[in-house]
Novice: 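Below: one structure in structure tokens.
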Amino acid sequence: MIMRVLIRGAGVAGLTLAHELASRRVEVEVAETSTRAGGGASWFAGGMLAPWCERESAPETVLTLGRSAADWWDAALPGHVIRKGTLVVAQPRDTAELTRFAARTCGFDWLDADQVEALEPSLAGRFRKALYFREEAHLDPRRAINALHDKLSAMGVRFHFGAAADFPDAGFDRVVDCTGASAIGHAADLRGVRGEMLMLETAEVALSRPVRLLHPRMPLYIVPRGDGRFMVGATMIESDDCGPVSARSLMELLNAAYALHPAFGEARMIETGAGVRPAYPDNLPRISVEGDTIRVNGLYRHGFLLSPYIASDVAAQIVEPLKTMAPPLAVRFKTALAAEHENTTHLKIGASR
Ligand SMILES: Cc1cc2nc3c(=O)[nH]c(=O)nc-3n(C[C@H](O)[C@H](O)[C@H](O)COP(=O)(O)OP(=O)(O)OC[C@H]3O[C@@H](n4cnc5c(N)ncnc54)[C@H](O)[C@@H]3O)c2cc1C
């Protein structure tokens, strides 16, 4: 019998899971309250696949689970991943920040000014030292989300856009909630971390890879999107408000962009936006079983980086329940699922309800 799964939410978590399930011949439907895929935080992401840099503030798990993300995206969406590494720079007065960053990370080379110029000619003469994380990659999240939606549709996945928040789940063997920050208040311990971004357009600067500018108060990154467009991000504010960018954040993001290159001062600002990163207290994703629903949430600032691993993990558990998986995230899921099997008789994976 073909298994039927309903996924709530067409952000990066829901779409990557739909891909993994559809690839395993599961019949998948996706209910999304917005009128298009990527109705939440995923739309505002930088799209950096940067597990080595993220290690600066994240536990080792993020590096372990995220290092194969670029390969997953490459296989799922050939041509979307740009493998040119990440450059990390600091103003001469903030050189201590570079040293601190280096002490908390690995997988980088120190560059001098000539090497910075060779990598990014637009930054010639601007930075004496830099860190280069050559294994890292990035993609354009909006292009990737749209492409994933198109590919999934071609694979037979049915999308219900503009669906009611309580889209009926009758007839599905499994329901997976991937609703991101909208689950705050429903998912225990889930909180929001607001991230504001802007998009600048200028022909005066050319960058080939994400550049992170370290600063004691306001670290910033700029991700080139092609055609002279640059995503500038991002604030980290403990809030689940997804309203317009504040004047202060706008000033800080623009100041940092200007500090990276003064030509950004003449750039056109073509967009501002804010997304709410869903996060648990340990800032790690969580897979949990609540009643009849599996919840996949808490991707925090690592949705594009970690959802490939999580999606494969969850899909494997749905299709082949309770087989051995790699710890540590899987353990929580496995334990929760085992408890569910012990405690209930009416809910079994693969059986219709
Ligand atoms: C400014 C910014 C920059 C970031 N940069 C990066 C980065 O460079 N790299 C990286 O890996 N991560 C990055 N992130 C983090 C990443 O965007 C998030 O971790 C990720 O988007 C979370 O994905 P999600 O699918 O869980 O949630 P979302 O993307 O929020 O998706 C949830 C979806 O569910 C829908 N929905 C809500 N309620 C319902 C309901 N009841 N029924 C059906 N659908 C519903 C929403 O409309 C939405 O489409 C960034 C985030 C921000 C805000």
Side-chain angles (χ1 to χ4, degrees), residues 6-18 29-51 53-54 58 62 65-66 69-70 73 86 136-142 144-145 148-149 159-169 175-187 190 192-199 210 212 220-223 231-237 239-240 242 245 249 253 272-280 283-286 293 295-311:
L6 172 68
I7 297 174
R8 297 188 190 279
V12 69
L15 293 175
T16 51
L17 178 59
E29 298 193 27
V30 180
E32 162 61 52
T33 49
S34 170
T35 51
R36 57 162 170 80
S42 304
W43 199 248
F44 299 100
M48 293 177 292
L49 306 173
C53 278
E54 286 299 305
V62 171
L65 306 188
W73 285 105
T86 305
E136 295 193 336
H138 69 285
L139 48 70
D140 180 335
R142 297 178 183 183
I145 279 174
L148 208 44
H149 163 259
F159 285 86
H160 305 275
F161 289 116
D166 58 353
F167 184 85
D169 55 14
V175 179
V176 188
D177 187 305
C178 298
T179 56
S182 299
I184 292 172
H186 304 288
L190 192 69
V193 181
R194 173 175 161 90
E196 295 154 301
M197 50 75 73
L198 38 112
M199 201 77 79
R212 295 185 184 222
L220 151 129
Y221 56 79
I222 296 196
V223 188
M231 184 273 196
V232 184
T235 55
M236 295 276 291
I237 299 170
S239 163
D240 56 13
C242 63
V245 173
S249 296
L253 289 168
T272 62
V276 177
R277 308 173 184 92
Y280 287 110
N283 293 334
L284 285 173
R286 204 173 276 183
T293 299
R295 192 185 290 287
V296 177
N297 215 319
L299 283 156
Y300 184 49
R301 45 187 281 161
H302 305 128
F304 287 80
L305 182 63
L306 296 185
S307 59
Y309 177 91
I310 307 286

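The model shown is predicted, which means the values in this text are computed figures rather than measured ones. Both ligands and their constituent atoms are indexed starting at 1 by order of listing.
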Novice: For Gly195 and Arg277, work out which heavy atoms get closest and say how close.
Specialist: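 Nearest heavy atoms, Gly195 then Arg277: CA-NH1, 3.3 Å.
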
Novice: Starting from atom 5 (N) of ligand 1, which protein heavy atom do you reach first, and at what distance in Å?
Specialist: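 Protein heavy atom with the smallest distance to atom 5 (N) of ligand 1: Gly46 N, 2.9 Å.
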
Novice: Could you tell me which atoms of ligand 1, counted from 1 in the order shown, lie closer than 4.0 angstrom to a heavy atom of Leu299?
Specialist: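 Within the 4.0 Å cut-off of Leu299, ligand 1 contributes 19 (O), 26 (O).
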
Novice: Say whether Ala45, considering both its backbone and side-chain N or O atoms, lies within less than 3.5 Å of an N or O atom on ligand 1.
Specialist: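 By distance alone, the answer is no.
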
Novice: Between Arg8 and ligand 1, is there a nitrogen or oxygen pair with a distance under 3.5 Å?
Specialist: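 No, there is no polar N/O contact under 3.5 Å.
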
Novice: In the protein, which heavy atom is nearest to atom 30 (O) of ligand 1, and how far is it?
Specialist: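 The closest one turns out to be Ala41 N, 2.9 Å.
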
Novice: Answer yes when Arg8 and Asp177 have at least one side-chain N-carboxylate O distance shorter than 4.0 Å, and no when they do not.
Specialist: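 Looking at Arg8 and Asp177, the cut-off is not met.
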
Novice: Taking C-beta and beyond as the side chain, do Asn297 and Tyr280 meet within less than 4.5 Å on heavy atoms?
Specialist: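 Yes, at least one pair of side-chain atoms sits under 4.5 Å.
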
Novice: Only heavy atoms count here, so choose which of Gly192, Ser42, Gly233 is nearest to atom 23 (O) of ligand 1.
Specialist: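 The nearest heavy atom belongs to Ser42.
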
Novice: Nearest to atom 44 (N) of ligand 1 by heavy atom, Val193, Ile310, Ile145, Thr33: which?
Specialist: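 The option holding the nearest heavy atom is Thr33.
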
Novice: From the options Ser182, Ala13, Gly47, select the one whose nearest heavy atom is closest to atom 7 (C) of ligand 1.
Specialist: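 Nearest heavy atom to atom 7 (C) of ligand 1 lies in Gly47.
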
Novice: Is it true that Ala31 lies under 4.0 Å from ligand 1, counting heavy atoms only?
Specialist: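 Ala31: in contact with ligand 1 (<4.0 Å).
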
